Amino acid sequence: MNFYITYGTVDYLNKLQKRFPQECMLLLQNEHTAVLMHETMGESVFQQPKKYEVIDKSGSIVSKKGFAVLNHIPVTDEGRPLFEYSFKERARLIENQGGFVAIRVLKPLQSDTYIILTLWEDEKSFTNWKTSQSFAKAHQKNKHIGTDSAKKNIFPRPSYVKTYYVVKEEDET
């Protein structure tokens, strides 16, 4: 499965999304920017997208409301197999959390930064997940990655998180 991301204004990206109603897309915004995501088996309709391969997924990204969390994680070339294995072997506890909608583990095709996208019914659902025992268990020291020094070796820079809200359609109240 392919996953593409492009950035722009809400107005522009909304028009782009409406031109392709048959495509699986998600329009998000925060105080700084808007993001349009496109999930497909084929090529993107975007002119110059950031390109990813979906290596793990659950749920649907098509949503008319919600809160999205994108965890950007830089990984060295040597660390990619270990990092990907750790996600394929994850406990899948997030799927049972109240308010969970979808997750995508996105492997970059043009950079070193993976994205873990989680989509929630609302921000409160995400906050509840962060304070849950399931979150603590899912984020324990990862036995698949190994020692702290091994972790430092596969992560060349710190990870960072960006959050967004699903853009409501213009005719919605």
Side-chain angles (χ1 to χ4, degrees), residues 1-75 77 80-81 83-84 86-88 90 92-130 138 157 159-173:
M1 178 77 61
N2 301 316
F3 203 95
Y4 304 97
I5 300 175
T6 194
Y7 299 85
T9 65
V10 170
D11 289 340
Y12 174 76
L13 296 177
N14 192 28
K15 287 176 188 172
L16 182 59
Q17 182 180 24
K18 286 182 178 189
R19 281 188 22 217
F20 301 98
Q22 74 284 3
E23 296 293 332
C24 178
M25 293 188 181
L26 179 64
L27 179 57
L28 304 169
Q29 72 176 352
N30 64 20
E31 63 275 5
H32 303 292
T33 192
V35 179
L36 185 57
M37 300 178 170
H38 179 206
E39 185 174 59
T40 180
M41 293 299 289
E43 293 298 316
S44 181
V45 298
F46 304 154
Q47 288 184 5
Q48 295 183 323
K50 293 190 179 245
K51 299 176 183 181
Y52 298 86
E53 175 187 348
V54 177
I55 61 172
D56 191 17
K57 70 182 232 169
S58 178
S60 172
I61 65 160
V62 177
S63 183
K64 294 192 182 292
K65 66 174 190 157
F67 181 73
V69 179
L70 281 70
N71 191 356
H72 299 75
I73 307 171
V75 179
D77 286 342
R80 283 180 177 232
F83 182 78
E84 291 174 23
S86 72
F87 271 95
K88 290 175 184 172
R90 68 185 177 86
R92 304 197 178 276
L93 299 173
I94 195 171
E95 286 88 340
N96 299 319
Q97 183 69 30
F100 169 82
V101 175
I103 186 171
R104 296 294 184 275
V105 178
L106 305 175
K107 176 182 180 176
L109 300 181
Q110 301 165 319
S111 75
D112 67 350
T113 304
Y114 286 73
I115 295 178
I116 313 307
L117 161 67
T118 56
L119 185 60
W120 302 89
E121 289 177 5
D122 51 36
E123 191 170 356
K124 177 87 170 121
S125 297
F126 173 68
T127 301
N128 289 344
W129 160 244
K130 283 190 349 183
R157 298 177 306 285
S159 63
Y160 60 95
V161 174
K162 291 187 177 183
T163 59
Y164 300 87
Y165 292 93
V166 173
V167 175
K168 293 181 182 178
E169 293 183 24
E170 293 170 354
D171 58 336
E172 292 183 38
T173 55

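Both backbone and side-chain heavy atoms feed into the values below; hydrogens, waters and symmetry mates do not. For clarity, every value in this text was computed on a predicted model and none was experimentally measured.
When every heavy atom of V62 is checked against every heavy atom of C24, the shortest pair comes out as CG2-SG, 3.6 Å. Here the shortest heavy-atom pairing between L27 and V10 reads CD2-O, 4.3 Å. Here the closest non-hydrogen pair linking Y52 and T113 is CE2-O, 3.8 Å. For the pair L117 and A68, the tightest heavy-atom approach, listed with the atom from each and the gap, is CD1-CB, 4.1 Å. Among all heavy-atom pairs drawn from P49 and F46, the shortest one is CD-O, 3.6 Å.
For the atom pair E31 CD and Y164 OH, the distance stands at 9.5 Å (nearest 0.5 Å). Between the OH atom of Y7 and the CG atom of L28 there is a distance of 10.0 Å, given to the nearest 0.5 Å. R92 CZ to F87 CZ: the interatomic distance, rounded to the nearest 0.5 Å, is 10.5 Å. To the nearest 0.5 Å, atom CG of residue D56 and atom NZ of residue K88 are 8.5 Å apart. The structure places OG1 of T9 at 5.5 Å from CG of D11, a figure rounded to the nearest 0.5 Å. Atom CD1 of I5 is separated from atom CD of E39 by 11.0 Å, given to the nearest 0.5 angstrom.
Panel note: side chain N2, backbone E53; no donor-acceptor pair is recorded below 3.5 Å. A donor-acceptor contact shorter than 3.5 Å links the side chain of N30 to the backbone of T163. Counting only distance, with no hydrogens or angles, the side chain of N71 and the backbone of V161 share no donor-acceptor pair below 3.5 Å. In this structure a side-chain-to-backbone donor-acceptor pair under 3.5 Å is present from R104 to S58.
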Derivation and outcome, side-chain contact (heavy atoms from CB on, under 4.5 Å), residues V45 and M25: CA-CA 11 Å; V45 298; M25 293 188 181; 3.3 Å; yes
Stepwise side-chain contact (heavy atoms from CB on, under 4.5 Å) check, T118 with W129: CA-CA 11 Å; T118 56; W129 160 244; 6.0 Å; no
Audit row: K107, Y114, side-chain contact (heavy atoms from CB on, under 4.5 Å) steps and yes/no: CA-CA 5 Å; K107 176 182 180 176; Y114 286 73; 3.7 Å; yes
Residue pair L36, L16: steps toward the side-chain contact (heavy atoms from CB on, under 4.5 Å) verdict: CA-CA 9 Å; L36 185 57; L16 182 59; 3.9 Å; yes
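Counted within 6.0 Å of CD on Q110, heavy atoms from surrounding residues, nucleotides or ligands total more than 12; the atom is thus considered enclosed. By the 6.0 Å contact criterion, CD on E43 is open, its count of non-hydrogen atoms from other residues, nucleotides or ligands being 12 or less.
Between I116 and V105, some side-chain heavy-atom pair lies under the 4.5 Å cut-off. At least one side-chain heavy atom of V101 sits less than 4.5 Å from a side-chain heavy atom of E121. The shortest distance between side-chain heavy atoms of I103 and R90 falls below 4.5 Å. Considering only heavy atoms from C-beta on, K162 stays 4.5 Å or farther from V35 through its side chain. Side chains of R80 and P108 form a contact here, defined as non-hydrogen atoms less than 4.5 Å apart. Inter-residue side-chain proximity for L119 and L26 is flagged as met; some heavy-atom pair is nearer than 4.5 Å. Side-chain contact check for R157 versus H72: every heavy-atom pair is 4.5 Å or farther apart. Taking 4.5 Å as the limit, some side-chain heavy atom of F3 sits within range of a side-chain heavy atom of I61.
Judged purely by distance below 3.5 Å, without hydrogens or angles, the side chains of S125 and N128 never pair a donor atom with an acceptor atom. In summary, the side chains of S44 and H38 do present a donor paired with an acceptor at a separation below 3.5 Å, with no hydrogens or angles considered.
Between F126 and F67, the angle of the ring planes lies from 30° to 60°, which puts this pair in the tilted group.
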